[in-house]
Novice: 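I am attaching a structure below and will ask some questions about it afterwards.
Naming convention: chains lettered A, B, ... in sequence-line order (proteins, then strands); numbering from 1 in each chain.
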Number of protein chains: 2
Amino acid sequence: MEEREYTPKQEQLARFAKAMGHPARVAILDFLIRQNSCFFGDIHEVLPISKATVSQHLKELKDAGLIQGEIEAPKVKYCINRANWEVASLLFKEFWGQEAPREKKDCCE
Amino acid sequence: MEEREYTPKQEQLARFAKAMGHPARVAILDFLIRQNSCFFGDIHEVLPISKATVSQHLKELKDAGLIQGEIEAPKVKYCINRANWEVASLLFKEFWGQEAPREKKDCCE
DNA sequence: TTTGTTGTTCGCAAAACTACGAATAAATAA
DNA sequence: TTATTTATTCGTAGTTTTGCGAACAACAAA
């Protein structure tokens, strides 16, 4: 039987990448990286989508571990999950730091 | 009317991230980064999915611009699209190079 | 208690994704 | 010409994603 499974690293990287796979979620992360005041309303205000949809995207980012939320009644405050952010950062840096293979005359030339 | 659109950078980053959003596609990229001989069959051989599905994932990576294919009858050779790889690399490095905001006592503590 | 503010959840619909086997296409080898 | 090899495309099925309005829940303010 061959080696035909995905590695945990590949799975994890794919999970983070998937979370970044929508412009609204990239925009949310961009926003949270720069802001300290990060209430739901502030986030919703800068996005071209409804409350319900924003809430869903936030849930996905939370499920992926990239952000966390906390109630501060009657508002909800979101922010980057630093520990996981670091994990993701390292994975992406490692992946994109790799050199694409040198061109050889027999490789797609 | 407020500023409520996604930036081209956010859209592009999301597009690349989405392409990386499945472990099979991460595995394919991992493979292509290391190999020069990169025929369809070689790729299929290391993945736990059918030919048809591999072909679909390759198409998505091609559509995202991260790889390219070329016929070398009766085989097909795939490899990294260097120009776009560089674009993606810069985008991801810029994104993940950002410092998450310093903790303050009023931000999710 | 009643009212208002803030977000989440529900219910729904359309579209996209993932996966496979079978059929097909394209070129070589016999 | 007739296989054979190699990979894509087709057809199908089930799942997930994206999006919204409406209903709901939780708490603060009046």
Novice: At under 4.0 Å, does any side-chain N or O of A/Thr53 touch on OP1 or OP2 of D/dG19?
Specialist: no
Novice: Pick base, sugar-phosphate or nothing for A/Lys51, based on heavy-atom distances below 4.0 Å to the nucleic acid.
Specialist: base
Novice: Please tell me if A/His57 has a side-chain N or O lying less than 4.0 Å from either OP1 or OP2 of D/dT17.
Specialist: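 No.
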Novice: Side chain of A/Ala52: nearest nucleotide among C/dT6, C/dC20, D/dG21?
Specialist: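 Looking only at side-chain atoms, A/Ala52 lies closest to D/dG21.
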Novice: Does CG in A/Leu90 sit with more than 12 non-hydrogen atoms of other residues, nucleotides or ligands closer than 6.0 Å?
Specialist: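 Correct, the count exceeds 12.
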Novice: Between B/Asp63 (CG) and D/dT8 (P), how many Å, whole number?
Specialist: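 Those two atoms, CG and P, are 13 Å apart.
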Novice: May I have the distance from B/Phe39 (atom CZ) to D/dA7 (atom P), rounded to whole angstrom?
Specialist: 8 Å
Novice: In whole angstroms, how far is the C1' atom of C/dC17 from the CG atom of B/Leu61?
Specialist: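 Atom-to-atom, B/Leu61 to C/dC17, this comes out as 14 Å.
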Novice: If I take atom CD in residue B/Gln56 and atom P in nucleotide D/dG11, what distance separates them, rounded to the nearest angstrom?
Specialist: 14 Å
Novice: Rounded to whole Å, please give me the gap between OH in B/Tyr6 and C1' in D/dG19.
Specialist: 10 Å
Novice: Parallel under 30°, tilted from 30 to 60°, perpendicular over 60°: which one fits the rings of B/Trp96 and A/Phe92?
Specialist: parallel
Novice: What does A/Ala73 touch in the nucleic acid at a heavy-atom separation under 4.0 angstrom: a base, only the sugar-phosphate, or nothing?
Specialist: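 Sugar-phosphate, backbone atoms only, no base.
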Novice: Atom CG of A/Leu58 to atom P of C/dT9: distance rounded to whole Å?
Specialist: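 Value for this atom pair: 11 Å.
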Novice: Between A/Trp85 and A/Ile67, is any pair of side-chain heavy atoms under 4.5 Å apart?
Specialist: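 They are not in side-chain contact.
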Novice: Which is true for A/Ile49 with a 4.0 Å heavy-atom rule: it touches a base, it touches only sugar-phosphate, or it touches nothing?
Specialist: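 Result for A/Ile49 = sugar-phosphate.
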Novice: Round to the nearest Å and state the distance from A/Met20 atom CE to D/dT18 atom P.
Specialist: 14 Å
Novice: Heavy-atom nearest nucleotide on DNA chain D for B/Val76 versus A/Pro48: which residue maps closer to 5'?
Specialist: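 Its nearest nucleotide lies further toward 5', so the answer is B/Val76.
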Novice: Between D/dT18, D/dA7, C/dG21, spot the one nearest the side chain of A/His22, thanks.
Specialist: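 When the side chain of A/His22 is considered, D/dT18 is the closest of D/dT18, D/dA7, C/dG21.
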Novice: Taking for each residue the nucleotide of DNA chain C with the nearest heavy atom, is it A/Lys75 or A/Lys18 whose nucleotide lies nearer the 5' end?
Specialist: A/Lys75
Novice: Choosing from C/dT9, D/dT8, D/dT5, which nucleotide comes nearest the side chain of A/Ser55?
Specialist: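 Nucleotide nearest to A/Ser55's side chain: C/dT9.
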Novice: For a quick check of understanding: with a heavy-atom distance under 4.0 Å over all strands, which category does B/His44 fall into, base, sugar-phosphate or nothing?
Specialist: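 Contact class for B/His44: none.
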Novice: Test A/Lys77 against every option in A/Glu70, A/Glu72, A/Gln68 by the side-chain hydrogen bond (donor to acceptor under 3.5 Å, both in side chains) rule and name the one that passes.
Specialist: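 Only one option passes, and that is A/Glu72.
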Novice: Whole angstroms only, please: what is the CD-C1' distance between A/Glu70 and D/dA26?
Specialist: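 After rounding, the reported distance stands at 16 Å.
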Novice: Can you confirm whether A/Glu94 sits close enough to A/Leu13 that some side-chain heavy atom of one is under 4.5 Å from a side-chain heavy atom of the other?
Specialist: no
Novice: Are B/Tyr78 and D/dT6 close enough that a side-chain N or O sits under 4.0 Å from OP1 or OP2?
Specialist: no
